[in-house]
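A short write-up of the structure that comes next.
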Amino acid sequence: MIFGCLRIRLTFRVLVFIMNDVSAVILAGGKGTRLRPLTVFTPKPIVPMMNRPFLAFQLEMLSAAGVEKAVLSLSYQPNKIEDAIGDGSQYRSKVSFVTEPNPLGTSGAFRFAADESSHTFVVLNGDILTDIDLAKVFEQHRNTKADATIVLVEVEDPTRYGLVETDDDGRVERFLEKPKAEDVPHLRSRNINAGIYILERSVLDLIPKNEHSSFEFNIFPAILEKGLNFRSYLLGDGYWRDIGNPTSYLHAHMDFLAGKVGLDLPEIPVQIEIATAASVDRSSLFGEGCVLKPNSAVRNSVLGPGVMLEEKAIVENSVIWGHSRIAAGAAVQGSVIGRSSFIGRSSSITKGTVLGDKATIPDYSVT
Ligand code: GDD
Ligand code: MG
């Protein structure tokens, strides 16, 4: 049986004020080591998220706030990123690419990529998924006449992030990258750097040209030392996640399927082949050309294009990248499977498994 379009959502085009004086830089040059093996052949900025290159969400977030031009700051596998994103028009953005000769660190990369003619910049870490309304951050930035505004989000465990302490009016007082576990009980808050900054030229001028430097270790402390107006914007109820490790990457998909991420997905009609006796729930997402044989089942999962489930294969709470095959009777639970992989018949791929591209799991295996 051939099925048509799977996910239908209405997308409302809201009239937005175009901010020509603001230019965006997305930091997308990290190696994505914590997301290995998924990032061996696919750089982190374009790993598929709900079957789209991850950066699609960031470019659309910028254009929704009226920021139409974005520079992608690249270092690792730049050609793959350029090929996947193109000119950005698909995401309502005008994209250009700047590749560093060698990694310059977060602020060094920003300095290298920044359009010198701009006065105000928005900088994004290229691995954060959020439904924040950036227009509100810009509004606060202007109202407070800030030199720098950093978005904060409250987390349970700040040790994997940059901890930010502020005064009651939201002025940044201290920045502490990756605080040690023993320091956590003494911290004044659990608010961390969400990887979104609005910066004025006064901050760009603090960053040395063509030198390695980091916002987190060098430039934020320098802003504080110079006494510039450094403000914070606390993301209240919004969604936020760094997708930079496999657990978080899978959770982001589960959050999308559960409707927790307030972002629209495009209406892309797909043709898939589902046997009458196969079972598919309403929340799962399928790419073009998936094939589900009789008595197979897909529950709460995202299948990339061309994925095939043979008879009685089951996929649950998982993400399967394109062109993988799950052989008869195999079960995949709570896992991420890379592109063009093969899961042998009657295998059991249990919760937490992460397989890179072209993995081959022999018949009857248990992971
Ligand atoms: N172009 C370029 N060059 N990009 C880089 C470089 C570089 O040398 N180094 C890192 N990046 C990019 C990464 O690709 C990523 O998108 C972003 O900068 C942040 O790097 P991560 O390696 O993901 O940092 P993190 O997750 O450990 O910590 C950062 O993000 C947290 C929020 O997720 C810090 O900014 C923390 O303070 C923050 O809390
Ligand atoms: Mg990160």
Side-chain angles (χ1 to χ4, degrees), residues 24-36 38-39 42-47 49 53-55 57-59 61 70-78 80-82 85 96-114 121-130 132 148 150-165 172 174-179 187 189-197 199 207-208 210-221 223 230 232-235 239-249 251-252:
V25 175
I26 302 182
L27 299 172
K31 279 195 171 166
T33 43
R34 282 163 294 178
L35 198 48
R36 282 180 188 153
L38 300 170
T39 43
T42 309
K44 180 166 70 166
I46 54 163
V47 291
M49 173 61 57
F54 182 72
L55 283 180
F57 294 99
Q58 297 206 332
L59 293 172
M61 170 173 84
V71 182
L72 301 194
S73 159
L74 311 180
S75 178
Y76 177 66
Q77 300 191 343
K80 289 187 181 171
I81 300 178
E82 294 196 34
I85 300 298
S96 55
F97 303 90
V98 173
T99 301
E100 298 143 55
N102 40 54
L104 286 171
T106 49
S107 54
F110 162 63
R111 184 73 167 100
F112 191 73
F121 304 88
V122 52
V123 182
L124 302 179
N125 282 356
D127 60 351
I128 48 151
L129 179 65
T130 174
I132 191 171
I150 181 169
V151 175
L152 308 184
V153 61
E154 192 174 6
V155 296
E156 267 179 32
D157 174 14
T159 57
R160 289 192 290 132
Y161 305 103
L163 191 280
V164 184
E165 288 182 347
V172 176
R174 188 159 84 117
F175 190 96
L176 186 60
E177 183 64 15
K178 312 276 186 318
L187 299 172
S189 85
R190 304 272 159 113
N191 292 338
I192 59 107
N193 166 20
I196 302 173
Y197 325 123
L199 307 173
I207 306 172
N210 299 319
E211 267 181 40
H212 187 284
S213 70
S214 136
F215 279 118
E216 296 81 353
F217 290 101
N218 309 117
I219 302 307
F220 293 149
I223 296 174
F230 192 1
S232 63
Y233 178 99
L234 185 60
L235 178 71
Y239 181 88
W240 183 89
R241 186 183 281 283
D242 177 327
I243 59 117
N245 66 59
T247 310
S248 192
Y249 172 77
H251 277 155

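Order of listing sets the numbers, starting from 1, for every ligand and every atom in it. Counting begins at 1 with the first residue of the sequence.
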Report the part of [X] in contact with ligand 1, treating N, CA, C, O as backbone and CB onward as side chain, heavy atoms under 4.0 Å; options are side chain, backbone, both, neither.
X      : answer
Ser73  : both
Arg34  : side chain
His212 : neither

Please report whether ligand 1 has a polar contact with [X], defined as an N or O pair separated by less than 3.5 Å (distance criterion only).
X      : value
Gly162 : yes
Tyr161 : no
Trp240 : no
Glu177 : yes
Leu74  : no
Asp242 : yes
Leu27  : yes
Phe175 : no

Please indicate, with yes or no, if any protein heavy atom is found under 4.0 Å from atom 25 (P) of ligand 1? yes
How far is atom 34 (C) of ligand 1 from the closest protein heavy atom, and which atom is that?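 Among all protein heavy atoms, the one nearest atom 34 (C) of ligand 1 is Glu216 OE2, 3.3 Å.
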Check: Ile26 and Leu55 side chains under 4.5 Å, non-hydrogen atoms: yes
Per residue Asp242, nearest N, O or S atom to the Mg ion (ligand 2) is named OD2
Using ring pair (Phe, Tyr, Trp, His ring centres under 6.0 Å), reason through Tyr197 and Phe220 one step at a time and then give a plain yes or no. CA-CA 11 Å; Tyr197 325 123; Phe220 293 149; 5.0 Å; yes
